[in-house]
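Right, one structure below, let's go through it.
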Amino acid sequence: MLILGGTAEASALARLLAGETWVAPVLSFAGRTVAPVLPPIPSRIGGFGGAEGLASYLRAEPVDVLVDATHPFAARISANAAQAAALAGVPRLVLQRPPWIAAPGDDWHPVPTVEAAAAALGEAPRRVFLTIGRQDLLPFQAAAQHAYLIRSVDPPDASLLPPDATILTGRGPFGEAAERALMERHGTQVLVTKNSGGADGKLAAARALGLPVIMVARRPPPGGETVAEAEAALTWLRAHADARAARGA
Ligand SMILES: NC(=O)c1ccc[n+]([C@@H]2O[C@H](COP(=O)([O-])OP(=O)(O)OC[C@H]3O[C@@H](n4cnc5c(N)ncnc54)[C@H](OP(=O)(O)O)[C@@H]3O)[C@@H](O)[C@H]2O)c1
């Protein structure tokens, strides 16, 4: 089994599969994070070389089942996974956390892209808390009038930063009280984030502080059989393995 990871859900599935004898899983990382938290199952790091490369890997190992547990905003690898699974004739399961839904008291401003999020900040200078990861910061150079507090797992490349940027590194999830204290300390006026979903206190903190949130919406999900949690993926994978065994495959 190949699990495409880089998410909390992929790591949770790896923990559930550790020690299981009916499966030989490998967890794959893109290699973006400097010090990934290594799972208790075998892992590999680095790209496959597009959909064709991934299909070759699936055939060569060989892989019997592919789990796409990548981040909801990692669109290229999910498209590659769908294409490679079809090319290699390998069943594919998508493990993807559901999006956040606005709650009463939220002041969300949905936008389709990170570029639109930068534009939505408006002309007047604001103090912005930016939590979209470190790869998509370039569009905010075009909104240089704002003061940014930028949080990411690893420090961003300096060439991507807007002029007034304070960098904070850390790996979530972050609790509501700590997020609220952080936003108060920095005088945050607006939060910009992607609709990643999952456990996170920043949205509740923004609600409590009455702050607007510019929310980058998800693109359509990759399609195919999809579950939202690692436990449900395990159930699906067991059933799949049992069916294979019954067929004598
Ligand atoms: N985008 C986000 O906001 C975000 C947030 C948190 C975590 N992540 C994780 O970070 C990784 C990179 O995200 P991204 O948005 O840069 O992805 P992406 O744009 O969809 O993928 C770019 C390329 O990175 C390689 N790749 C991506 N995930 C891989 C994996 N799990 N194993 C091996 N190769 C992988 C593939 O290279 P080849 O074509 O050479 O195979 C892919 O074509 C993903 O694993 C994702 O789960 C992303």
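Just so it is clear, the model here is predicted, and its values are computed rather than measured. Note that ligands are numbered from 1 as they come in the structure, with each ligand's atoms numbered from 1 the same way.
Nearest protein heavy-atom contact of atom 14 (P) of ligand 1 is A74 CB, 4.0 Å. Atom 7 (C) of ligand 1 has G6 O, 3.2 Å as its closest protein atom, hydrogens excluded (heavy atom only). From the protein, the heavy atom lying nearest to atom 45 (O) of ligand 1 is G5 O, 2.8 Å.
The cluster map of Ile, Leu, Val, Met, Phe, Trp and Tyr, joined by side-chain heavy atoms under 4.5 Å apart, puts V111 and M215 in different clusters. A continuous path of ILVMFWY side-chain contacts below 4.5 Å connects I77 to V63, so both sit in one hydrophobic cluster. Criterion: ILVMFWY side-chain heavy atoms under 4.5 Å apart, direct or through other members. Under it, L17 and V26 are not part of a common hydrophobic cluster. Following chains of ILVMFWY side-chain contacts shorter than 4.5 Å, one cannot reach L95 starting from F73, and the two form parts of different hydrophobic clusters.
Near N80, meaning under 4.0 Å from any of its heavy atoms, are these atoms of ligand 1: 39 (O), 43 (O). Each of the following atoms of ligand 1 lies closer than 4.0 Å to a heavy atom of G49: 38 (P), 40 (O), 41 (O). Near S28, meaning under 4.0 Å from any of its heavy atoms, are these atoms of ligand 1: 30 (C), 31 (N), 32 (N), 33 (C). Counting the atoms of ligand 1 from 1 in the order shown, those under 4.0 Å from a heavy atom of G50 are 38 (P), 39 (O), 40 (O), 41 (O). Atoms of ligand 1 lying under 4.0 Å from at least one heavy atom of A75, given by number and element, are 20 (O). Interface atoms of ligand 1 facing G47, defined by a heavy-atom separation under 4.0 Å, are 34 (N), 37 (O), 38 (P), 40 (O), 41 (O).
In this structure, G46 has a heavy atom closer than 4.0 Å to ligand 1. Between G133 and ligand 1 there is no heavy-atom distance shorter than 4.0 Å.
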* Please report the C-alpha distance between E179 and R151 in whole Å, then the side-chain angles of each, then the deciding distance to 0.1 Å, and finally whether the salt bridge (charged side-chain N to carboxylate O under 4.0 Å, His left out) criterion is met. => CA-CA 12 Å; E179 293 290 72; R151 183 171 64 200; 2.7 Å; yes
* Take F48 and S28 through the side chain to side chain contact (heavy atoms under 4.5 Å, CB included) test and state the conclusion after the steps. => CA-CA 10 Å; F48 297 93; S28 175; 3.4 Å; yes
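Annotation: I77 places an N or O atom under 3.5 Å from an N or O atom of ligand 1; distance criterion only. Residue-to-ligand polar distances place F48 within reach of ligand 1: an N/O pair is separated by less than 3.5 Å. The shortest N or O to N or O distance between R44 and ligand 1 is not below 3.5 Å.
The option with the heavy atom closest to atom 4 (C) of ligand 1, from among H71, E52, R32, is H71. Considering only non-hydrogen atoms, atom 18 (P) of ligand 1 lies nearest to R76 out of K194, R76, E9, Q135. Around atom 25 (C) of ligand 1, the closest heavy atom drawn from S196, P36, A30 belongs to A30.
A salt bridge is defined here as a Lys NZ or Arg NE, NH1 or NH2 lying under 4.0 Å from an Asp or Glu carboxylate O, and R207 with E176 fails to meet this definition.
The side chain to side chain contact (heavy atoms under 4.5 Å, CB included) search around P163 returns A144, not counting sequence neighbours. Residues forming a side-chain hydrogen bond (donor to acceptor under 3.5 Å, both in side chains) with T21 (at least two apart in sequence, or on another chain): none.
Under the 30°/60° scheme for interplanar angles, the aromatic rings of W236 and H240 are found to lie parallel.
Of the residues L27, L13, I3, the one that meets the side-chain contact (heavy atoms from CB on, under 4.5 Å) test with P39 is L27.
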